[in-house]
Peer 1: 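Please find one structure pasted underneath; my questions will follow.
Letters A, B, ... are given to chains in the order of the sequence lines, protein chains preceding strands, and every chain is numbered from 1.
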There are 2 protein chains.
Amino acid sequence: MSDTPLKVYVVDDDPAMRNSLPRALRKRGFEVEVFASAPEFLAQYDGTQTGCLVIDLRMPEMSGLELQEHLGSAAQFLPMVFISGHGGVRESVQAMKGGAMDFIEKPFRSAALVERIEAAFALLRERLEMREKCAELRQRFDRLTAREAEIVSRIVACPAEISSKEIGRHLGISPRTIDHHRARILEKLEIRSTAELVGLATRLRIDCESSNLASGLPSQE
Amino acid sequence: MSDTPLKVYVVDDDPAMRNSLPRALRKRGFEVEVFASAPEFLAQYDGTQTGCLVIDLRMPEMSGLELQEHLGSAAQFLPMVFISGHGGVRESVQAMKGGAMDFIEKPFRSAALVERIEAAFALLRERLEMREKCAELRQRFDRLTAREAEIVSRIVACPAEISSKEIGRHLGISPRTIDHHRARILEKLEIRSTAELVGLATRLRIDCESSNLASGLPSQE
DNA sequence: GATTGCGTAGGCAATTCTGCCTATGAGCTT
DNA sequence: AAGCTCATAGGCAGAATTGCCTACGCAATC
């Protein structure tokens with residue numbers, strides 16, 4: 001939801017950074033939470049929070065890269081900006097390949113960091129919108145019964161043969177029953193035509209296969 | 001086409017690299033072309049070649065990063081593996097953000113480079129397939145006349161109201177004429193139902209907006 | 001000047017879709 | 001046992017789609 005304020009999570013083992021960074025970021029209007037280590041962050045992370053992670057590369061217990069790996073696809077909604085004291089090219093490339101937003105070296109101007117965080121938030125907002133859009137679609141599809149979903153699958157997989165007669169033959173039941181299911185499907189999905197159904201399902205499949213939300217779809221069968 | 005062998009383009013100002021790299025890569029079965037500078041590569045680049053660029057970061061006339069920038073979206077079909085002697089984190093991050101496949105530091109094992117090149121080819125193949133798929137779809141849509149495309153747009157934009165009567169009213173012409181156009185549209189696109197049309201157009205729009213091929217589509221209007 | 005392609009439009013008949021009714025049996029919950 | 005959802009299936013009437021025909025005017029092309 002866009003009414004949840006976007007937070008900056010600062011994870012750094014260096015007390016000086018934990019002191020100065022939040023100060024600068026709060027002055028810029030960000031809401032900030034601070035953690036002294038990656039495990040400390042993970043301890044309070046319930047998988048639903050979103051926001052920008054500003055994270056030190058090297059830390060004793062768990063490095064920034066390890067945290068990134070640990071978060072996996074959830075990191076989509078936790079864009080990371082790495083901060084490195086002595087990190088090398090190898091680490092920075094790994095971080096970027098792992099989907100980091102950016103990777104900046106100490107020392108840095110706080111304005112530069114702010115820029116990166118704002119870019120991260122822009123991306124995050126996009127992803128959250130996409131996720132919500134998918135969730136809404138999914139919700140509607142979830143109201144369908146198994147049989148209805150089966151018919152949707154069939155229609156989407158093979159939109160060239162969508163007369164009730166053909167579908168009925170395919171499923172071995174009366175075309176009249178297909179008509180009945182069709183009506184329920186359109187009603188539940190709040191649409192008005194089979195064409196719209198195909199459009200909706202196509203978008204749902206494409207959008208969701210690119211996010212980590214792909215599951216329980218009317219399957220390709 | 002996948003029958004075009006995938007080439008490795010080595011761009012490096014260092015004669016030693018221009019000597020050793022191709023040797024190693026050819027031994028691994030790659031087809032290799034060598035260039036001593038970015039401009040030299042660009043001189044023979046006609047915008048259609050695809051392949052993996054193995055490129056030095058620092059070069060006198062034009063740096064690897066400048067080449068990357070210069071290629072712009074065409075770089076999609078020229079995945080780049082950077083090689084850096086003295087490059088720092090800043091450059092590597094810029095390269096990665098610019099869409100580079102990878103960024104490795106000298107010295108490196110040739111096996112490591114080969115791995116990266118193979119990953120690049122895998123990605124490239126995917127992108128080429130996508131491009132081709134889009135091109136095929138586009139070709140079919142291009143056969144439509146202006147009026148036909150207008151009707152397609154209308155149907156795709158508003159699949160809830162697709163009866164010929166409604167479209168006719170919207171365009172201010174007879175529903176009968178819409179029927180006629182519809183028939184031509186289905187025929188030209190080699191499909192059999194309006195539902196299939198919506199699916200096709202939806203996929204086309206989504207697929208192509210993510211590539212640089214988006215243009216001349218049945219527009220959103 | 002004839003041909004071709006395009007947009008326009010109508011007729012007619014077969015098929016299909018849609019909406020509104022009823023109805024039965026299976027399976028589950030209360 | 002009663003009530004619920006779901007899948008099944010039919011009737012019927014109005015609306016829409018589809019395929020196949022003809023036709024005219026306009027513009028470009030040969």
Side-chain angles (χ1 to χ4, degrees), chain A residues 138-202 216-219 221, chain B residues 138-202 216-219 221:
Chain A
R138 164 83 31 69
Q139 248 178 10
R140 289 203 257 166
F141 275 97
D142 281 347
R143 288 203 205 112
L144 301 181
T145 66
R147 201 48 150 169
E148 286 160 358
E150 193 178 3
I151 293 172
V152 170
S153 294
R154 169 70 183 178
I155 289 176
V156 174
C158 183
E161 300 170 5
I162 54 167
S163 73
S164 291
K165 196 194 285 183
E166 289 165 314
I167 300 176
R169 200 171 38 233
H170 177 250
L171 295 179
I173 58 180
S174 157
R176 208 58 200 73
T177 304
I178 306 296
D179 284 341
H180 179 266
H181 286 311
R182 263 173 193 281
R184 285 268 120 1
I185 291 169
L186 296 193
E187 187 188 336
K188 285 183 181 176
L189 297 184
E190 299 165 46
I191 55 183
R192 289 179 46 199
S193 70
T194 304
E196 203 172 356
L197 168 61
V198 173
L200 211 62
T202 304
L217 280 191
S219 65
E221 177 115 339
Chain B
R138 162 84 31 68
Q139 248 177 11
R140 290 203 257 166
F141 274 98
D142 281 348
R143 288 202 205 114
L144 301 181
T145 66
R147 199 48 150 173
E148 286 160 358
E150 194 178 1
I151 293 172
V152 170
S153 294
R154 169 71 185 179
I155 289 177
V156 174
C158 183
E161 301 171 6
I162 54 168
S163 72
S164 292
K165 195 193 284 183
E166 289 165 314
I167 300 176
R169 199 168 41 230
H170 177 250
L171 294 179
I173 58 181
S174 157
R176 209 57 200 72
T177 304
I178 305 297
D179 285 341
H180 179 266
H181 286 311
R182 264 172 190 280
R184 285 269 110 21
I185 291 168
L186 297 192
E187 186 187 336
K188 285 185 181 176
L189 297 184
E190 299 164 45
I191 55 184
R192 289 180 47 197
S193 70
T194 303
E196 202 172 357
L197 168 61
V198 172
L200 211 62
T202 303
L217 282 191
S219 65
E221 175 118 344

Peer 1: Considering only NZ, NE, NH1 and NH2 on the basic side and carboxylate oxygens on the acidic side, decide whether Glu187(B) and Arg192(B) come within less than 4.0 Å.
Peer 2: no
Peer 1: Rounding to an integer number of Å, can you tell me how far Asp179(A) CG sits from dA15(D) C1'?
Peer 2: 14 Å
Peer 1: Output yes when Glu166(A) and Arg154(A) qualify as a salt bridge under the 4.0 Å nitrogen-oxygen rule, no when they do not.
Peer 2: no
Peer 1: Would you confirm whether Ser193(A), through its side chain, and Pro159(B), through its main-chain N or O, come within 3.5 Å as a donor-acceptor pair?
Peer 2: yes
Peer 1: Any side-chain N or O of Ser174(B) below 4.0 angstrom from OP1/OP2 of dG10(C)?
Peer 2: yes
Peer 1: Could you check how far CD of Glu166(A) sits from C1' of dT18(D), rounded to whole Å?
Peer 2: 13 Å
Peer 1: How many Å lie between CG on Leu171(B) and P on dC6(C), as a whole number?
Peer 2: 18 Å
Peer 1: Considering only dA9(C), dT17(D), dT8(D), which nucleotide approaches the side chain of Ile173(B) most closely?
Peer 2: dA9(C)
Peer 1: Can you tell me how far C1' of dT17(D) sits from CD of Glu161(B), to the nearest Å?
Peer 2: 18 Å
Peer 1: If the cut-off is 4.0 Å, is Ser164(B) near the phosphate of dT17(D), judged by side-chain N/O to OP1 or OP2?
Peer 2: yes
Peer 1: Could you check whether Ala183(A) gets within reach of a base, just the sugar-phosphate, or nothing at all, counting any heavy atom under 4.0 Å?
Peer 2: nothing
Peer 1: Does dG19(D) have OP1 or OP2 sitting under 4.0 Å from an N or O in the side chain of His180(B)?
Peer 2: no
Peer 1: Does dG7(C) have OP1 or OP2 under 4.0 Å away from a side-chain N or O of Thr145(B)?
Peer 2: yes
Peer 1: Please determine whether a side-chain nitrogen or oxygen atom of Thr177(B) lies at a distance below 4.0 Å from atom OP1 or OP2 of dG7(C).
Peer 2: no
Peer 1: Do Arg184(A) and Glu148(A) sit within salt-bridge range, that is, some charged N less than 4.0 Å from a carboxylate O?
Peer 2: no
Peer 1: What is the distance, to the nearest angstrom, from the CZ atom on Arg182(B) to the P atom on dT18(D)?
Peer 2: 6 Å
Peer 1: Does Arg176(B) have a side-chain nitrogen or oxygen under 4.0 Å from the phosphate oxygens OP1 or OP2 of dT8(C)?
Peer 2: no
Peer 1: Rounded to the Å, how far apart are Leu197(A) CG and dT18(C) P?
Peer 2: 11 Å
Peer 1: Only one of Val152(B), Ile173(B), Thr177(B) passes side chain to side chain contact (heavy atoms under 4.5 Å, CB included) with Arg147(B); say which it is.
Peer 2: Ile173(B)
Peer 1: Nearest whole angstrom, please: distance from the P of dT8(C) to the CZ of Arg147(B).
Peer 2: 4 Å
Peer 1: Using OP1 and OP2 only, check whether a side-chain N or O of Lys165(A) sits under 4.0 Å from dT16(C).
Peer 2: yes
Peer 1: For the pair made of CD1 in Ile162(A) and C1' in dT18(C), what is the distance, rounded to whole Å?
Peer 2: 14 Å
